[in-house]
Amino acid sequence: MRDINQFSITKSVKESFKTEPGSRFEQLLHGLIDHLHDYTREMNLTHEEWIGVLNFLYACGKISTPERQEFILLSDVLGFSALVDMINSRGGATEGSNLGPFYLPDAPTKALGADLSDGRDGATILVHGKVTDSLHNPLPGAIVDTWQADATGTYPIQEQGQGQDKYDLRGVFSTDEEGRYYYTTVLPKPYTVPYDGPVGDLLRAGNRHAWRAAHLHYIVRAPGMNAITTELFFDNTEYLDNDAVFGVRKSLIAKLQPAGKVGDLGYALEKAPDAVVGFDFVLAPAG
């Protein structure tokens, strides 16, 4: 340790952790240390830049709440979330996409055919499809957990205290015996990611826009299958080619059709839709 220098310190730091040799934890930790130290040497990082990074991370933690996770937002705008989703989309399953900072794990359970719009203005859309395995067998009782922004591009969770219920525009559905899910909701609009915190400062510093393509969020799971976290986008809408968090995938874009062109699909619905979008989710077997 007496002869430690800017090159030997990397090995010393790794050896200071008494990790299980060959374990995944050791691999992850040592890899992080290697890349962090290599980046610091390559950039000749100054004290001012170093403390700037730490202050930025502190600001992300300070603004974060159970309803707003600034670190997830940071991961999103850096493409980190998207990269993890891409690496882990395999086995013929529906491609993953961003969780986002506004997920709540305890959304209310809804009956199939329910309307999630809660009286909000905007076009009413019927969202429907099936949940199947990778061999296209339907998965009865699969859980479809969904949340979204409204027709102004706002999540109700962002306007608590202004007459908004944070559980609006959210619902947890179970597929029927044919693996079907269906419900109505308001058509969401594009919106900017939260721009009033440190991630917003980063985007402005990098001369980047903060707009997201209109989308619906989903977590879909079933016994014996790998769960997926993903998003559903709409064809011919804005920001599909330059989504602020790199969440759009070609396979996740669905066509929105006028309800009159689709006809009666035989669903019992709380509210008549103006438009219809269909999308099937595919889950891969666990393991």
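Keep in mind that the numbers below use all heavy atoms, side chains included, and drop hydrogens, waters and symmetry copies.
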Using a 6.0 Å cut-off, check whether atom [atom1] of [X] has over 12 heavy atoms from anything other than its own residue.
X	atom1	value
Asp121	CG	no
Tyr58	OH	no
Phe80	CZ	no

Is there a path from [X] to [Y] through hydrophobic residues (I, L, V, M, F, W, Y) whose side chains come within less than 4.5 Å of each other?
X	Y	value
Val220	Leu232	yes
Leu28	Val13	no
Leu54	Ile63	no
Phe17	Leu36	no
Leu112	Leu265	yes

(request) Starting from the C-alpha separation in whole Å, work towards a yes-or-no answer on side chain to side chain contact (heavy atoms under 4.5 Å, CB included) for Leu187 and Leu256. (result) CA-CA 10 Å; Leu187 179 65; Leu256 192 65; 3.8 Å; yes

(request) Give every residue pair that meets the salt bridge (Lys or Arg N to Asp or Glu O under 4.0 Å) criterion with at least one member in residues 206-229, sequence neighbours excluded. (result) Arg212-Glu231, Arg212-Asp243

In Å and rounded to the nearest 0.5 Å, what is the [atom1] to [atom2] distance from [X] to [Y]?
X	Y	atom1	atom2	answer
Leu202	Leu78	CG	CG	6.0 Å
Leu252	Arg249	CG	CZ	6.5 Å
Thr132	Leu135	OG1	CG	9.0 Å
Thr40	Leu45	OG1	CG	5.5 Å
His217	Gln148	NE2	CD	9.5 Å
Ile219	Ile228	CD1	CD1	10.0 Å

So, does [X] use its side chain to make a donor-acceptor pair with the main chain of [Y] at under 3.5 Å?
X	Y	result
Thr192	Ala210	no
Asn5	Phe7	yes
Glu178	Arg180	no
Thr109	Gly171	no
Arg120	Leu116	no
Ser75	Ser81	yes
Asp280	Lys130	yes
Thr175	Ala142	yes
Ser89	Asp85	yes
Asp274	Thr124	yes

Nearest atoms (heavy-atom pairs only) where [X] meets [Y]:
X	Y	result
Leu240	Thr237	CG-O, 3.5 Å
Leu126	Leu269	CD1-CD2, 3.9 Å
Pro194	Gln158	CG-NE2, 4.4 Å
Pro188	Ala214	O-CB, 3.5 Å
Gly278	Ala254	O-CB, 3.8 Å
Ala284	Gly91	CB-O, 3.6 Å

I'd like to check [X] versus [Y] (side-chain heavy atoms, cut-off strictly below 4.5 Å). Are they in contact?
X	Y	value
Thr229	Tyr103	no
Pro101	Glu70	no
Val172	Pro108	no
Tyr181	Phe281	yes
Val127	Phe279	no
Pro156	Lys166	no
Phe246	Val77	no
Glu26	Glu20	no

(message) Is the distance from the ring center of His209 to that of Tyr239 below 6.0 Å?
(response) yes

(request) Kindly state whether the ring of Tyr191 and the ring of His215 have centres lying under 6.0 angstrom apart. (result) yes

(request) Quick one: do Phe71 and Leu57 satisfy side chain to side chain contact (heavy atoms under 4.5 Å, CB included)? Show the steps, please. (result) CA-CA 8 Å; Phe71 285 107; Leu57 295 176; 4.0 Å; yes

Is any NZ, NE, NH1 or NH2 atom of the basic residue among [X] and [Y] found under 4.0 Å from an Asp or Glu carboxylate oxygen of the other?
X	Y	result
Asp196	Arg68	yes
Lys14	Asp34	yes
Lys110	Asp115	no

(request) Using the side chain to side chain contact (heavy atoms under 4.5 Å, CB included) rule, take Asn226 and Leu283 through it: C-alpha gap first, then chi angles, then the decisive distance, then the call. (result) CA-CA 6 Å; Asn226 284 322; Leu283 303 183; over 6 Å; no

(request) Quick one: sort the Phe102 and Tyr155 rings into parallel, tilted or perpendicular, breaks at 30° and 60°. (result) tilted

(message) Does the structure place the NZ or CZ of Arg204 under 6.0 Å from the centre of the six-membered ring of Tyr195, at an angle of no more than 45° from the ring's axis?
(response) yes

(request) Apply the test side chain to side chain donor-acceptor pair (under 3.5 Å) to residues Tyr167 and Asp106: give CA-CA distance (whole Å), side-chain angles for both, the deciding distance (0.1 Å), then the verdict. (result) CA-CA 9 Å; Tyr167 292 108; Asp106 51 354; 3.0 Å; yes

(request) Can you spot which of Trp147, Phe234, Phe233 makes a side chain to side chain contact (heavy atoms under 4.5 Å, CB included) with Leu216? (result) Phe234

(message) One pair to check against side chain to side chain contact (heavy atoms under 4.5 Å, CB included): Ile72 and Leu99. What are the steps and the verdict?
(response) CA-CA 8 Å; Ile72 291 179; Leu99 174 69; 4.2 Å; yes

